[in-house]
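Heads up: the structure comes next, in structure tokens.
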Protein chains: 2
Amino acid sequence: MSAKTKSDGLNDTKRALLEAGIKLMRVRGYSATTVDDICAEAKVTKGGFFHYFKSKEDIAREAAAYFTAEKSKEIMGAAFRKLPDPLARIYGRLEFVQDYFRSAKQINRGCLVGAFAQETAITYPHLKEACRLAFTEWTKDFEVDLAEAKALYAPKADFEPVKIARLYLSIFQGSLIMAKTEDDTDALIENITEFRRYLISLMGEGTVRDQKQMKTAGKA
Amino acid sequence: MSAKTKSDGLNDTKRALLEAGIKLMRVRGYSATTVDDICAEAKVTKGGFFHYFKSKEDIAREAAAYFTAEKSKEIMGAAFRKLPDPLARIYGRLEFVQDYFRSAKQINRGCLVGAFAQETAITYPHLKEACRLAFTEWTKDFEVDLAEAKALYAPKADFEPVKIARLYLSIFQGSLIMAKTEDDTDALIENITEFRRYLISLMGEGTVRDQKQMKTAGKA
DNA sequence: GCGCTCATACAGACTAGTTGGTATGTTGAA
DNA sequence: TTCAACATACCAACTAGTCTGTATGAGCGC
């Protein structure tokens, strides 16, 4: 039956096609990426492509889901995740992302979901839905930590975790766009710093001093 | 020579092409918009199109500039512009944008510059440059007010106007993306509210009470 | 173990329609 | 008469998707 499936149930060829599609579409976008391009990149012929995907839109939908899962896994596996304190996780997350973009100063690809949202949200309802799901998942993931931290450190603070999580995701997506036009990630890193400052002002200055120690402890 | 040129030196046909191009590309993006589509929308033939633009990329570049100028004009002509107080102009600007998206709750098009930045920044250097210029112009426009307000009300405050301006533009662009996937502008409006709260925390709470009066005065 | 069947997993040529761009007009005003 | 301002027919290259063919291996009766 299936040749060589892996843990996630994906065949090698299909995975190669998905990863090629993601790689190309993150750079060129949906419309400018052709099926032939994807086939060439994945070293698969047209026959192979249409054996696994019934259309170009189909691979885009699966690519969005694959990309989202991949990024979620990256976040789930990061060191800050293991911190017991929710506020430490929050600041740890921000540093994690900043470090990520500090090491890759030049940006030569963007977020696949962001690209699809821009390009296809209005014209391809199915892709829009895939983007919405991804954004919801990422928002929720951050919101949980925010809610927990608020309950623990600033129960009376005047902010809604879900709104702050959405603000963060918007800043991130918007910064990625601007990073593309500026060829560097400085503004992205700066914007996260500003966001952190806002968070501190919401949570209360008092929570910061404690975090400094927890952070260094968590890094070990 | 030229048939019926207007104040900005643009012929009616060329303007129609530019506006058609903008209208379509804001919805479908660059690659998915064809020259024929633009011609049909503008009721101009291919010959007319290539009389005014030497390529598709060419109209995109001019469209970006046209769009940027158009938006700058909208901002320049808004009521908040005439406010003498810089801080009042800042909050007035935020309200202006929020009102704009409150009246158009459903979003069926995005920012042309944001779309180009996403889709073409890496593959079309000329378009990237056009986007960079637009972002720089918009950032500068806001930065001026921020610097003036800071000098006047919070000279010792710890923030750099240019960074806050860039943060705002990122939030705006990112929120537009998310608005597309959610079919409404709620998050966009909310994010601006959060940004305003951050600004207040930077400028100092003391500056808010005064603004309430100035704002209502400015609206009259 | 051996041939047979059959489904999966591709390979690659082909096609109908599209796309950006061109070549060759025509028209009307100066 | 000339030139800008279009109009129209046309083209080569490309594009998503199809069709037919084939290799491979699993399952099965014997």
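A, B, ... follow the sequence lines: proteins, then strands. Residue 1 opens every chain.
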Query - Single hit among F142(A), W138(A), Y198(A) for ring pair (Phe, Tyr, Trp, His ring centres under 6.0 Å) with Y168(A) - result: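 Filter result, single survivor: F142(A).
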Provide, to the nearest angstrom, the distance between the [atom1] atom belonging to [X] and the [atom2] atom belonging to [N].
X: I38(A); N: dT15(D); atom1: CD1; atom2: C1'; result: 12 Å
X: F50(B); N: dC10(D); atom1: CZ; atom2: C1'; result: 14 Å
X: L17(A); N: dA11(C); atom1: CG; atom2: C1'; result: 13 Å
X: M25(B); N: dG20(C); atom1: CE; atom2: P; result: 9 Å
X: F53(A); N: dT18(D); atom1: CZ; atom2: C1'; result: 18 Å
X: Y30(B); N: dG20(C); atom1: OH; atom2: P; result: 8 Å
X: D37(B); N: dG20(C); atom1: CG; atom2: P; result: 8 Å
X: F49(A); N: dT18(D); atom1: CZ; atom2: C1'; result: 14 Å

Query - Pair Q98(B)-T193(B), side-chain donor/acceptor within less than 3.5 Å - result: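 Side chains of Q98(B) and T193(B): pair found under 3.5 Å.
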Query raised in the report: Is there a donor in the side chain of Y52(A) and an acceptor in the side chain of E62(A), or the other way round, less than 3.5 Å apart?
Result: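 Side chains of Y52(A) and E62(A): no pair found under 3.5 Å.
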Query raised in the report: How is T33(A) classified with respect to the nucleic acid when contacts are heavy atoms under 4.0 Å: base, sugar-phosphate, or nothing?
Result: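 Contact class for T33(A): sugar-phosphate only.
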For [N], does OP1 or OP2 lie under 4.0 Å from any side-chain N or O of [X]?
X: T13(A); N: dC10(C); answer: yes
X: N11(A); N: dC10(C); answer: yes
X: H51(A); N: dA9(C); answer: yes

When you get a sec, tell me which of [options] is the closest nucleotide to the side chain of [X]?
X: K46(A); options: dT22(C), dA5(D), dG17(D); answer: dG17(D)
X: T45(A); options: dG17(D), dA7(D), dG12(C); answer: dG12(C)
X: Y52(A); options: dC6(D), dC10(C), dG20(C); answer: dC10(C)

Query - Intermediate values then yes/no, side-chain hydrogen bond (donor to acceptor under 3.5 Å, both in side chains), S72(A) and E137(A) - result: CA-CA 9 Å; S72(A) 289; E137(A) 181 179 325; 2.6 Å; yes
**Report entry** Carboxylate-amine/guanidinium proximity below 4.0 Å for R89(B) and E148(B)
**Finding:**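 Result for this pair is yes, salt bridge flagged.
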